[in-house]
Structure formats: structure tokens, C-alpha cells
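Structure first, commentary second.
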There are 2 protein chains.
Amino acid sequence: MVVDEQVVDRLLHALADTTRRDIVRRCLAGEASVSRLAEAYPMSFAAVQKHVAVLERAGLVSKERSGREQLVRTDVDAVRRARDALEQLEATWRGRVDRMSDLLTERNENDERDKP
Amino acid sequence: MVVDEQVVDRLLHALADTTRRDIVRRCLAGEASVSRLAEAYPMSFAAVQKHVAVLERAGLVSKERSGREQLVRTDVDAVRRARDALEQLEATWRGRVDRMSDLLTERNENDERDKP
DNA sequence: CTAACGTACAACCAAATGGTTGTAGATGAA
DNA sequence: TTCATCTACAACCATTTGGTTGTACGTTAG
């Protein structure tokens, strides 16, 4: 179940911004319209709109129309998937470390060196 | 023990790039010089150097001089801290959800169907 | 219907990103 | 010493990012 690298890129990039993480948090605690969200930050409505778009592209939130408002809702599963993605990364890396340990243990004189 | 937002920003941004994640992985499985790393990617030495710098600024790797080479080593603890940071984020968000649930539960004592 | 509200989107801008090439300084090998 | 290697860093460039303002459009309230 290898997570697509591109997906991970978008996911981590989306979360690598304080405002966006805050939006995720806010929209987890009850849905909020984009304009209501915009009131919470020292930036324009359009700017917040863009942040929401980035989160949406990463699959972290989704929008649902309700009358003339657009309600933003955090996808809790997506947040979990984000955590799992990092966990998987860590597992891969850790796996490498483990295999490395094995190699070191049984390593004798095999000194390989590739030169292009 | 709140993780500094700025630190999280740098951490997640550093990891939001396939090449950089690969560098982290490679430098976990044995140290590698920057030039050796550069051989592994379809980009210039300077570009890889910049990627390493980003990882270093995020505290994910460190460099150690060995002769004329600069060995890059992934800080395993930093990787763990990265995972923990996301976990903490998730915990915060989850906490919000839980408190939200509590509110809903308490409100439910009256057992009425009020529509806002 | 009209006015106000919420949204979408385009155009624009400064700054950051991700890449390049070129130059210069250390260091190890011959 | 001389030369090849490894690194650091500056200058430059194209694209993306994160912000702005302005305009247009659908929806709701009065």
C-alpha cells in the first residue's frame, strides 16, 4: 500500500503552514463558512479562500454548499491518513536502519564502490 | 510542551519534497557525502546541496566533515520528532473533536430536538 | 424587486523555491 | 608542489507561493 509520492508532497505542503493547520483545526470543531473563517485571520477573504483550496487539493478538507455559504469541513480520515503517511515514511526509514544493522552484523570484506 | 509553529512549518516543508525525503532515507542507511548523494539524482551538485541545506535547517540531518568530504547523517530522533509533531497535531485536532462530542452529549440531557 | 451577502475568479505583485552555471577555497593524492 | 576532488557560495532565471484588489455572479433578506 505505497502512498503516491505526489500525494504525500501535497499533503505535507498543505500542512506546512500555520494558518492552514489552524483552518484544519477550526473546521474539525464544527463546520465554518469561508467568510467566517476569513474573519479569524489577518488577511483577505481571497487569501483564506486560496488556503482552503490548497487544503482541498490535498484532500484534507471538503466544501459543501449550504445556501449562499460554502461550508468547509475537515476530513478526519484524511488527517489520519496524513499521520499514517508520515508513520509509513518513518517505518520505511526505520526498516532501512534495521536492514543496515543486519548488514553490518554479517558484513565481512565486501567493499563495493560504484563509479560512474 | 507545545511545538513551535515555526519549527513545524520548517519540518513539514522540508519533508514535502520527494527528493528530500529520499535523501533522508539514503542518509539513514549509512552516511553519504553530498557529492555521492548528488550522483543519485538528475540534478546538479548545487541543487542537492540546497536540498540538504533545507533538511539541515529543519534539523532532520546534520553534516560532519571527514577530510574533504562532508558526510550527511539523518538525525533519527529528528525523524521521530517529526512523526510526534504530526501526532501532536492530530491529538490537538482530535481533542477538539472530543470536546465537541462532550458538548453534544451534555446538550443532549434535555432530550429535545432543537433545530438551530 | 433591490440590496446586501457570500463566493468565485482574474490580474497583479513581492518574495520564496528549485533549479542552473561559475568561481573560489580546502583537502588528499601523486 | 601540483592536480584532481569536494565543498561553499554567489549570481541568475523560471515558476510557484502567498498575498492583494477588483469584478462578476448566485442567493437570501427586506
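Naming convention: chains lettered A, B, ... in sequence-line order (proteins, then strands); numbering from 1 in each chain. The structure presented is a predicted model; accordingly, all values stated were derived computationally and were not measured.
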Nucleotide [N], atom [atom2] - distance to [atom1] of [X] in whole Å:
{"X": "L37(B)", "N": "dA8(D)", "atom1": "CG", "atom2": "P", "answer": "12 Å"}
{"X": "L55(A)", "N": "dT17(D)", "atom1": "CG", "atom2": "C1'", "answer": "14 Å"}
{"X": "K63(A)", "N": "dC9(C)", "atom1": "NZ", "atom2": "C1'", "answer": "11 Å"}
{"X": "E56(A)", "N": "dC9(C)", "atom1": "CD", "atom2": "P", "answer": "10 Å"}
{"X": "R36(B)", "N": "dC6(D)", "atom1": "CZ", "atom2": "P", "answer": "8 Å"}
{"X": "D9(B)", "N": "dG18(D)", "atom1": "CG", "atom2": "P", "answer": "10 Å"}
{"X": "E39(A)", "N": "dT7(C)", "atom1": "CD", "atom2": "C1'", "answer": "14 Å"}

- Task: Considering just the side-chain nitrogens and oxygens of Q70(B), establish if one lies under 4.0 Å of OP1 or OP2 belonging to dA8(D).
- Result: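 True: Q70(B) side-chain N/O within range (under 4.0 Å) of dA8(D) OP1/OP2.
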- Between dT5(D) and S35(B), is there an OP1 or OP2 to side-chain N/O distance shorter than 4.0 Å?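 Negative; the distance criterion is not met.
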- Message: Under the criterion side chain to side chain contact (heavy atoms under 4.5 Å, CB included), I'd like the reasoning laid out for L60(A) against V79(A): C-alpha separation, chi angles, the key distance, then a yes or no.
- Response: CA-CA 6 Å; L60(A) 281 165; V79(A) 174; 4.3 Å; yes
- Message: Checking H51(B) against L37(B) for the side chain to side chain contact (heavy atoms under 4.5 Å, CB included) test, could you report, in this order, the C-alpha distance in whole Å, the side-chain angles of both residues, the deciding distance, and whether it holds?
- Response: CA-CA 11 Å; H51(B) 279 307; L37(B) 275 176; over 6 Å; no
Any N/O pairs under 3.5 Å between the protein and nucleotides 23-30 of chain C? List them or say none.
none

Taking [Y]'s backbone N and O only, do any of them form a donor-acceptor pair with [X]'s side chain (distance below 3.5 Å, no angle check)?
{"X": "Q70(B)", "Y": "R65(B)", "value": "yes"}
{"X": "R36(B)", "Y": "L71(B)", "value": "no"}
{"X": "S44(A)", "Y": "A47(A)", "value": "yes"}

Which residues share a salt bridge (charged side-chain N to carboxylate O under 4.0 Å, His left out) with [X], sequence neighbours left out:
{"X": "D9(B)", "value": "R21(A)"}
{"X": "E56(A)", "value": "K63(A)"}
{"X": "R81(B)", "value": "D75(B)"}

Contact list (N/O, under 3.5 angstrom) for nucleotides 15-22 of chain C vs protein:
residue, atom, partner, partner atom, Å
dG18(C), OP2, R20(B), NH1, 3.3
dG19(C), OP2, H51(B), NE2, 2.3
dG19(C), N7, K50(B), NZ, 3.2
dG19(C), O6, K50(B), NZ, 2.2
dT20(C), OP1, S44(B), N, 3.3
dT20(C), OP2, S44(B), N, 2.7
dT20(C), OP2, S44(B), OG, 2.6

- Could you pull out all residues at least two apart from S62(A) that satisfy side chain to side chain donor-acceptor pair (under 3.5 Å)?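 Result, side chain to side chain donor-acceptor pair (under 3.5 Å) vs S62(A): R73(A).
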